[in-house]
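Attaching a single structure in structure tokens format; questions to follow.
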Amino acid sequence: MNPSSVVDLLRPLVVLAVLIATVFILFVASKILIPIALGILLSFVLNPAVMLLTRRGVRRSIAVGLVVTGTTLIVLLLLLMLMSQVSDFTQRLPEFQANFREKLQNLKGQDSEGPRGPIARLTDMLHDLSTEIQGEKEGEKVAQPVRIVGDRWSGFGLLPSLAGPVTSLLGALSLTIGLTVSMLLLRDDLRNRVFLLLGDRHLTSTTRVMDEVSQRMSRYLIIEVILNASFGTLFGVSLAILGVPYSFVWAMLAFCLRFVPYIGTWLAAIFPLLLAIGAPGWLQAYSVLGVVLVLTILFNNVLEPMLISRTVGVTPIALVVSMAFWTWLWGPIGLVLATPITVGLSVLGKYFPALRYFDVMLGHTPPISEDLKLYQRLLARDDVDAADLLKNQLALEEKTPELVLDEVVLPAMNRARQDADRGQLSEEDIDELVERMGQLLEDVFGELPAPSNSAQTVLACAGADRLDELAIQCFERAMPAGLVRVHRVQATAMAGDVLAEFAEHKPAAVLLSVFPPTGNARARYLAKRLDQVAPETPIIAGLWTSLEANDPLPVQLTTAGVLHVGTSLAEVRSLIVPVVQVRPHLVRQEAEVPALPS
């Protein structure tokens with residue numbers, strides 16, 4: 001077996017193995033990696049304030065101390081306010097218990113003799129159905145041994161159970177704060193070490209990655225804070241209007257919990273809903289639920305997808321999948337870190353070719369070009385989507401029909417030429433594709449306008465097959481209306497037939513339509529024969545692809561007799577229009593020149 005084939009076969013397995021190993025390491029080392037990720041995120045949050053102070057002349061160490069101390073004091077102040085409100089709430093909790101218990105009893109039904117509530121009726125129905133399906137178990141039940149368990153949740157028995165989680169939480173919190181302070185203090189040193197680690201060759205890419213990640217993260221955090229503050233304000237004001245106690249507490253809780261995407265809103269709504277249920281009547285409970293639903297739909301389904309997705313440069317579906325993955329891997333804290341991690345991976349893929357798949361899968365930029373989309377739809381025989389794509393392109397203000405033909409249709413046909421040369425498309429496939437594309441051109445762009453009486457003839461010769469003939473149709477649509485009369489010569493015509501057509505129509509110019517490389521030899525041969533017969537007639541070659549700077553084909557065609565070579569409809573049009581506009585004047589001048597006496 002060819003060594004290159006072995007490498008191609010093993011490459012997917014190697015990639016899969018690396019992915020599995022990476023996920024395993026992320027899971028095993030989560031207790032270290034989570035504080036590091038949180039520290040990086042917090043450093044992004046606090047760095048703008050540090051930079052603001054340093055620009056005012058404050059030393060960076062003092063600026064970091066002031067920002068960290070100020071942030072800590074603000075958090076502690078908010079916690080004290082929340083604790084005071086929660087303490088007052090717990091003291092008044094018995095006031096809500098009576099109403100809550102009464103509503104619960106109404107739902108359940110007080111006893112078997114009185115009216116039965118909906119929950120009790122539902123329970124009875126499920127019990128009856130279960131009895132009918134499973135039947136009554138016969139025989140005596142086996143006696144189970146009784147275990148006497150001490151009360152481990154009372155007194156000092158609770159301390160060993162809490163010691164482990166509390167210690168782990170305090171350790172992670174200390175590590176996060178220490179990393180945040182260190183990153184803020186040593187920001188420039190860390191950046192220089194990264195540059196040194198990656199080497200001088202990647203200096204430009206690394207600088208751009210850091211700048212773009214910083215900009216995207218700053219925009220994301222600013223928008224997230226504004227959205228969460230707006231949600232908390234509207235939520236708190238609505239609760240105050242509805243008469244729900246401690247609306248400030250629930251507003252602050254909503255602001256904080258909404259940093260946890262999707263589930264944070266509903267976590268913040270639990271306590272206000274319970275309080276509303278504990279109030280007399282059901283109106284307040286229904287109103288609170290309605291407020292939560294309206295705000296959730298407005299923020300989660302309208303504002304956040306519209307603002308955050310474009311701000312961070314990541315597609316909405318990529319964010320959802322990323323949140324699911326990081327939540328599965330790291331739990332609730334992974335849900336918070338999912339968006340920043342996704343942004344970083346997307347930017348890395350944008351500037352480092354080895355990681356390009358991250359940008360393709362996560363980035364907001366279109367993964368494929370419009371011409372590739374059109375070609376894919378044609379291969380899938382989905383002419384409806386292909387027509388919609390062309391119509392959408394024509395609807396853009398900056399797109400003219402000529403540009404759409406030049407930038408979408410011809411490049412799509414050039415891809416078909418490349419696949420045909422590789423043997424992936426048969427001649428029958430090309431014929432079918434050309435037929436359907438020709439019908440699409442007529443449906444989307446309309447019928448070709450009839451040439452005027454003064455229109456000059458252009459003899460358009462296809463180079464190799466029907467793809468070159470389709471390019472001639474695009475050329476006709478790109479020319480000014482009524483200016484030229486295009487006479488098409490099929491790719492199957494022999495050189496003698498082309499010369500006969502030339503003698504019959506006496507064209508103002510000749511166009512050789514070619515998708516390289518298949519029609520190169522025929523184009524050179526036709527150019528040479530036509531130049532021998534009528535050297536005064538300009539021959540223009542339309543090579544419908546981008547050529548390398550050192551490509552010998554233009555020189556070869558010029559040597560064979562071609563006057564100009566164009567690689568786009570716009571270029572070929574600019575070459576032919578002057579010729580057909582000048583031709584009538586030349587003919588008139590030749591007719592006015594008196595014949596010399598013999």
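Values in this document were obtained by computation on a predicted structure and should not be read as measured data. When reading the values below, keep in mind they use all heavy atoms of this one structure, side chains included, and skip hydrogens, waters and symmetry mates.
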Could you label the plane-to-plane angle of the W328 and F325 rings as parallel, tilted or perpendicular, counting under 30° as parallel and over 60° as perpendicular?
->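 The arrangement is tilted - the two ring planes meet at 30° to 60°.
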Not counting sequence neighbours, which residues clear side-chain hydrogen bond (donor to acceptor under 3.5 Å, both in side chains) with Y351? List them please.
-> E212
Got a second to check how far D382's CG is from D388's CG, nearest 0.5 Å?
-> 8.5 Å
Salt bridge (Lys or Arg N to Asp or Glu O under 4.0 Å) pairs, two or more places apart, involving residues 253-265 =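 Matches after skipping sequence neighbours: R258-E304.
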Measure the CG-CG distance between L184 and L46 for me, rounded to the nearest 0.5 Å.
->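 L184 atom CG to L46 atom CG measures 5.5 Å (nearest 0.5 Å).
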Where do T400 and L403 land on the side chain to side chain contact (heavy atoms under 4.5 Å, CB included) test, with the steps shown first?
-> CA-CA 5 Å; T400 62; L403 277 177; 3.5 Å; yes
Would you find a donor on one side and an acceptor on the other, under 3.5 Å apart, between the side chain of S346 and the backbone of T342?
->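 Not at all, since once roles are kept as given, no pair shorter than 3.5 Å links the two residues.
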Who pairs with T327 by side-chain hydrogen bond (donor to acceptor under 3.5 Å, both in side chains), at least two apart in sequence or on another chain?
-> none
Quick one: list whatever passes side-chain contact (heavy atoms from CB on, under 4.5 Å) with A251, sequence neighbours left out.
-> none
Non-neighbouring partners of L190 that pass side-chain contact (heavy atoms from CB on, under 4.5 Å), sequence neighbours left out | M183, L186
More than 12 heavy atoms of other residues, nucleotides or ligands under 6.0 Å from CD of E398: is that the case?
->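 Atom CD in E398 is crowded, with more than 12 foreign heavy atoms closer than 6.0 Å.
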Sequence neighbours left out, what passes side-chain contact (heavy atoms from CB on, under 4.5 Å) with I222? Give chain and number order.
-> I226
Provide the closest heavy-atom pair for G39 versus T176 in the form atom of the first, atom of the second, distance.
-> N-CG2, 3.9 Å
If you look only at pairs with a residue in residues 34-60, which of them pass as a side-chain hydrogen bond (donor to acceptor under 3.5 Å, both in side chains), with sequence neighbours excluded?
->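 Those involving residues 34-60 are N47-R60.
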Mind checking the OG1-CH2 spacing from T339 to W326? Nearest 0.5 Å is all I need.
-> 12.0 Å
Greater than 12 external heavy atoms within 6.0 Å of L66's CG = yes
S287 meets the side-chain hydrogen bond (donor to acceptor under 3.5 Å, both in side chains) criterion, sequence neighbours left out, with none
Hey, could you give me the CZ/CG distance between R415 and D419, rounded to the nearest 0.5 Å?
->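 CG of D419 is found 9.0 Å from CZ of R415.
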Is the shortest heavy-atom distance from the side chain of N414 to the side chain of D371 under 4.5 Å?
->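 No. Closest side-chain heavy atoms not under 4.5 Å.
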By side-chain contact (heavy atoms from CB on, under 4.5 Å), which residues pair with K399, not counting sequence neighbours?
->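 side-chain contact (heavy atoms from CB on, under 4.5 Å) list for K399, sorted by chain: Q393, L396, V404, E407.
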Going from CG on L394 to CG on L405, what distance comes out if it is rounded to the nearest 0.5 angstrom?
->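 Reported value, rounded in 0.5 Å steps: 8.0 Å.
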Keeping the roles fixed (side chain from W330, backbone from L26), state whether a donor-acceptor pair exists under 3.5 Å.
-> yes
Sort out for me which residue in V409, V408, N392 forms a side chain to side chain contact (heavy atoms under 4.5 Å, CB included) with E370.
->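 The option that passes is V408.
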Give every residue pair that meets the salt bridge (Lys or Arg N to Asp or Glu O under 4.0 Å) criterion with at least one member in residues 334-345, sequence neighbours excluded.
-> none
Please examine the side chains of L329 and V23, heavy atoms only from C-beta on, and report whether any two atoms are closer than 4.5 Å.
-> yes
Where V68 and T72 come nearest, the two heavy atoms and their spacing = O-OG1, 2.7 Å
For E571, all residues meeting side-chain hydrogen bond (donor to acceptor under 3.5 Å, both in side chains), sequence neighbours excluded |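 side-chain hydrogen bond (donor to acceptor under 3.5 Å, both in side chains) check on E571 returns T567.
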Counting only heavy atoms not in M51, do more than 12 sit closer than 6.0 Å to its CE atom?
-> yes
Salt bridge flag under 4.0 Å for residues K350 and D359 |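 The answer is no: the pair does not qualify as a salt bridge.
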What residue pairs, at least two apart or across chains, pass salt bridge (Lys or Arg N to Asp or Glu O under 4.0 Å) with a residue in residues 277-292?
->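 Sorted result for residues 277-292: empty, none.
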On the 0 to 90° scale, with breaks at 30° and 60°, tag the F271-W250 ring pair as parallel, tilted or perpendicular.
-> parallel
Assess whether atom CZ of F27 is packed by more than 12 heavy atoms of other residues, nucleotides or ligands within 6.0 Å.
-> no
